[in-house]
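Nothing fancy with the numbering, it's 1 onward along the sequence.
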Amino acid sequence: MTTSSKLEKAMENLQNNPYYEKYADRIAALQKTSPEEFLKRVDSQHKNKEHEKKKKFAGPVDTRQFSSVLNPKGHRSEGASVEDKKLNDILKLELVLDKSAAEVQNIWEEYHKEKEVISATIPKDSYVSIAQNMKEFPTFLFPLPRSQGYEFIMCQSFGNAVHFTPLLAFQVHKENAPECLTMVHYLELKEKGIVLMRGDYDKNVLDGKEAQCLANQFQMYYSGKDPKKVTLLELFNRSPDTFKHMDLIEELESIQLV
């Protein structure tokens with residue numbers, strides 16, 4: 001079975017899952033309409049002054065959460081792809097070559113502290129396991145807590161990068177679905193025993209805490225430390241018929257991520 005077929009089968013199972021119906025009935029309803037109709041509806045809501053007044057009391061919900069499905073991803077530029085990004089584009093390597101791993105980690109954290117991105121410093125040995133699982137299990141789903149339940153976010157790994165997109169956006173645009181979060185792992189400082197990670201997120205879809213929630217879930221599943229989570233990775237990628245999406249939510253609710 002191809003990766004595309006597995007994805008379609010897994011998403012079909014997701015739609016039939018009772019937990020999905022309970023928490024994502026809005027998404028299920030939207031799936032029954034055309035993308036054009038959905039566009040009109042969101043645009044109408046956005047322009048409605050009364051709707052804006054309600055948002056002040058209800059908090060950010062509908063339009064931000066579904067904004068990523070409105071337009072497909074634009075064509076890639078002729079420049080370097082995400083997978084080809086270099087650490088030197090962010091941090092001048094000559095300035096840290098004589099620094100210890102601890103000093104580099106501090107510099108990396110301080111540099112990103114005031115930026116609207118997420119970042120991490122990963123021990124090289126830990127990243128070896130993560131990279132192996134990224135290659136073996138390139139696709140997965142994560143439940144993201146929302147104001148009225150959960151939204152499923154799909155991730156796909158390519159090389160040292162991980163691309164996240166809302167499941168609904170993928171269903172509408174397929175391979176042209178825009179990413180809501182892209183994490184890149186930089187390997188240039190492996191000799192120091194560390195791998196640096198930076199994640200850029202679409203602020204129209206996620207806030208910083210939600211992006212970090214997805215990154216935390218990714219690390220816990222792909223680190224390989226929890227046999228139960230590894231089993232879920234295997235089921236999703238190899239036996240989608242037996243994969244239960246309720247297990248993902250139960251795993252999330254058993255920990256404190258946000």
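Applying the salt bridge (Lys or Arg N to Asp or Glu O under 4.0 Å) test to residues at least two apart or on different chains, the pairs with a partner in residues 126-137 are Glu136-Arg238. Applying the salt bridge (Lys or Arg N to Asp or Glu O under 4.0 Å) test to pairs two or more places apart or on separate chains, none has a residue in residues 212-225.
A distance of 12.0 Å separates NZ in Lys174 from OG1 in Thr165, rounded to the nearest 0.5 Å. In this structure, Leu144 CG and Cys180 SG are separated by 8.0 Å, a value rounded to the nearest 0.5 Å. Rounding to the nearest 0.5 Å gives a distance of 5.5 Å between CG of Leu232 and CZ of Phe243. Taking CD of Gln212 as the reference point, atom CG of Leu206 lies at 11.5 Å (rounded to 0.5 Å). To the nearest 0.5 Å, atoms CZ (Phe164) and CD (Glu179) are separated by 11.0 Å. Remark: Arg198 CZ to Asp89 CG distance equals 10.0 Å, nearest 0.5 Å.
Note: Tyr221 and Phe140 have tilted aromatic rings, judged against thresholds of 30 and 60 degrees for the angle between ring planes.
Shown here are the side-chain contact (heavy atoms from CB on, under 4.5 Å) partners of Lys190, two or more places apart in sequence or in another chain: Lys124, Leu187, Val195. For His185, the side chain to side chain donor-acceptor pair (under 3.5 Å) test picks out no residue, with sequence neighbours left out. Residues forming a salt bridge (charged side-chain N to carboxylate O under 4.0 Å, His left out) with Asp247 (at least two apart in sequence, or on another chain): none. Lys229 is linked by a salt bridge (charged side-chain N to carboxylate O under 4.0 Å, His left out) to Asp226, Glu251, counting only residues two or more places apart in sequence or in another chain. For Glu188, there are no salt bridge (charged side-chain N to carboxylate O under 4.0 Å, His left out) partners at least two apart in sequence or on another chain. Glu110 meets the side-chain contact (heavy atoms from CB on, under 4.5 Å) test with Asn106, Lys113; sequence neighbours excluded. Take Thr121 and apply the side-chain contact (heavy atoms from CB on, under 4.5 Å) test, not counting sequence neighbours, and it matches Gln105, Trp108, Ile194, Leu196.
In terms of hydrophobic clustering, with Ile, Leu, Val, Met, Phe, Trp and Tyr side chains grouped at heavy-atom distances under 4.5 Å, Ile122 and Phe137 are assigned to a common cluster. Both Leu235 and Leu167 belong to a common hydrophobic cluster when Ile, Leu, Val, Met, Phe, Trp and Tyr are linked at side-chain heavy-atom distances under 4.5 angstrom.
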Under 3.5 Å donor-acceptor pairs involving side-chain atoms of residues 126-134, not counting sequence neighbours:
unit_1: Tyr127; atom_1: OH; unit_2: Asn160; atom_2: OD1; d: 3.0
unit_1: Asn133; atom_1: ND2; unit_2: Ser129; atom_2: O; d: 3.4
unit_1: Asn133; atom_1: ND2; unit_2: Tyr222; atom_2: O; d: 2.9

Solution key, residues 90-102 side-chain donor-acceptor pairs under 3.5 Å, sequence neighbours excluded:
unit_1: Ser100; atom_1: OG; unit_2: Glu103; atom_2: N; d: 3.2
unit_1: Ser100; atom_1: OG; unit_2: Glu103; atom_2: OE1; d: 3.4

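Between Thr182 and Val162, the closest side-chain pair of non-hydrogen atoms is not below 4.5 Å. With contacts defined as side-chain heavy-atom distances shorter than 4.5 Å, the pair Asp200/Leu181 does not qualify. The shortest side-chain heavy-atom distance between Leu252 and Tyr150 falls under the 4.5 Å cut-off.
Listed for the Gln217 side chain is no donor-acceptor partner under 3.5 Å among the backbone atoms of Leu214.
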